[in-house]
Amino acid sequence: MNKLHDSSLDFSVATLNFLANVGVVLPYVLLLFKYQQTQQTNYLVAIVVFYVARAASVFWTKHLNLRASRYLLLCLWLGVLGSLLFSFTSVLPVVIIAAICLGYTSANIWPYYLTIKLHLSNSTDFKLKQFYWLIFLGLGLLFGIDFWLDLQYRLTFIILAVLFITALPAGKLLDQFALAFYAEHQPAKRQPVKAWRILVFILFFTALGLLTLLRKVSIDIALPYVLGIIVVAIGLLTLEIMADWHAITLNKLRLVNRGFLLSLILLVNSFLAYFVYGNKGMYLVFALYLLGFEGGRPLLQRLAHHHDDQATRLAQIVLLVGHVLILTIQPILYGLGLFLIACYIGFENPAINDSVYAAEKDDPDLAIIHKYRFSMYGGLLCQLCFFGLLTTVSKLQHLQLLRFFSPTSMAHATTYQMGLAWPLVGLSLVITLMTLASQRSTK
């Protein structure tokens, strides 16, 4: 009986490990797939709400003054609720609630899980890869069955809810293990929330919500007003960045660049890929990202013969080459460019985690949250620039915004490539070069 209990607990921990690793992108990708298959506006709204909730929760988590292990449990319960709601109905108010739940979980499950792992790194080992990949394979098979039977991802969301439930015992176990750590590391005293930051927060995410909701508008858009909202939103975002600039001493640009790259691949190119690969473009982008993110570090380390400095230089070269390749519309080169950028993100991620955590002395619970906050700044900057360019291109070319998000032909591939892809990749390259120069200057 004890052996069975231990095996069940091992499987629960492995499931939690799996969800923490893929939970950042999996709910978003499932929503994209569901919208692409059903073409229901409610799911487009859900994607918008999910993105806004995901960003907002990173900025305003930790205000309940709970331990990181308790926030991890909260993420699991919200994951259960959000997944079940998406599996049972498509009613707009319900899918909005579901999107908020999964948005919070998607943003915070990995930061809090990683925080607890780092807290316990000297006494606990959670590397259960044999179960980890078994769960991945099982979910993939169920995903294929769902797609084959045309269940519109209802089965997949039910299985996702079951996985969140399965991970709950592991979350409770980590909460118990963390008690000794918190007994020795009292969290820093929380600073009072300033009224002006609450106002900026409300204004910014109101603007972001208005901008993203315009994706379903089919009437003529008043270009100056939309661009005005975007400029104001970027200004408010800059105020937030400046207010948090003191939170960490190193890696600021590195984290902003990471967030920009993630949005460039998972948001912008998940839609642009239609004009390169057709209907399966979104699926291919996700597959290339996952493959590059998971395999980037071991691949680059092997190519560099496990010399860290050489591997780092190779990763930087790979990133620059990736930027050049995604400027093309040649399917092989474009896909290779996306893969190379994902390899760089996967290579950098462990090093950034260790660096940010080691530098946080006052409250280790906040180290990884600060990381994702700055990364989210970069992601939101990419999204605002993307929406500004899309609005401008749509107005000048007399196109509806939905024509980009729900394309029916390749007729405007060149327009979107020159008007969206090239400027965004150019901006990403500028931020990348600034980041690499900053890293060299601090060595």
Side-chain angles (χ1 to χ4, degrees), residues 28 32 44 47-48 51-52 55 204-238 241 256-277 281-282 285 322-329 334 337-338 341 376-434:
Y28 165 69
L32 283 178
L44 182 59
I47 292 171
V48 172
Y51 245 92
V52 173
F204 175 75
F205 285 103
T206 299
L208 189 63
L210 288 172
L211 289 171
T212 47
L213 282 174
L214 282 176
R215 295 178 189 177
K216 66 184 185 71
V217 172
S218 59
I219 59 175
D220 289 337
I221 299 172
L223 181 61
Y225 296 108
V226 175
L227 293 181
I229 294 174
I230 292 171
V231 170
V232 169
I234 292 176
L236 294 172
L237 181 64
T238 304
I241 293 176
V256 171
N257 186 48
R258 176 188 182 277
F260 198 100
L261 291 172
L262 281 171
S263 279
L264 184 67
I265 294 179
L266 293 177
L267 174 64
V268 179
N269 280 285
S270 66
F271 288 104
L272 276 172
Y274 175 90
F275 301 100
V276 180
Y277 298 117
M282 188 178 292
V285 168
H323 276 83
V324 175
L325 293 180
I326 62 173
L327 289 173
T328 71
I329 56 173
Y334 175 79
L338 293 174
I341 293 175
M376 186 59 71
Y377 284 134
L380 290 173
L381 178 62
C382 178
Q383 293 173 43
L384 289 171
C385 295
F386 160 65
F387 198 86
L389 288 168
L390 178 59
T391 304
T392 303
V393 168
S394 298
K395 182 67 176 181
L396 295 178
Q397 297 296 321
H398 305 290
L399 301 172
Q400 296 178 2
L401 284 177
L402 273 182
R403 184 163 294 183
F404 176 77
F405 294 105
S406 303
T408 56
S409 72
M410 303 288 188
H412 303 290
T414 303
T415 298
Y416 290 130
Q417 182 195 20
M418 297 177 63
L420 298 179
W422 290 5
L424 283 172
V425 172
L427 179 57
S428 178
L429 186 58
V430 170
I431 297 174
T432 291
L433 292 173
M434 291 172 59

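- Annotation: the span from N269 atom CG to L420 atom CG amounts to 10.0 Å, rounded to 0.5 Å.
- When side chains are defined from C-beta on, Y334 counts as touching L272, because their heavy atoms get closer than 4.5 Å.
- Separation of atoms OG1 (T391) and CZ (F386) is listed at 9.0 Å; rounding is to 0.5 Å.
- Looking at M282 and Y274, their side chains never come closer than 4.5 Å, going by heavy atoms from C-beta outward.
- For the residue pair L264 and V268, the shortest heavy atom distance occurs at O-CB, 3.4 Å.
- For the pair Q417 (side chain) and L327 (backbone), a donor-acceptor distance under 3.5 Å is present.
- Distance check, rounded to the nearest 0.5 Å: CG of L390 to SG of C385 gives 12.5 Å.
- Here CG of L389 is found 13.0 Å from CE of M418. Values are rounded to the nearest 0.5 Å.
- Listed here is the closest heavy atom pair of L267 and Q383: CD2-CG, 3.4 Å.
- When the side-chain hydrogen bond (donor to acceptor under 3.5 Å, both in side chains) test is applied to H412, no partner is found at least two apart in sequence or on another chain.
- Counting non-hydrogen atoms of other residues, nucleotides and ligands closer than 6.0 Å to CE of M434 gives a total of 12 or fewer.
- Atom CG in L427 sits 9.0 Å away from atom NE2 in H323 (nearest 0.5 Å).
- T432 pairs by the side-chain hydrogen bond (donor to acceptor under 3.5 Å, both in side chains) definition with N257, not counting sequence neighbours.
- Taken to the nearest 0.5 Å, the CG atom of L424 stands 5.5 Å off from the CZ atom of F260.
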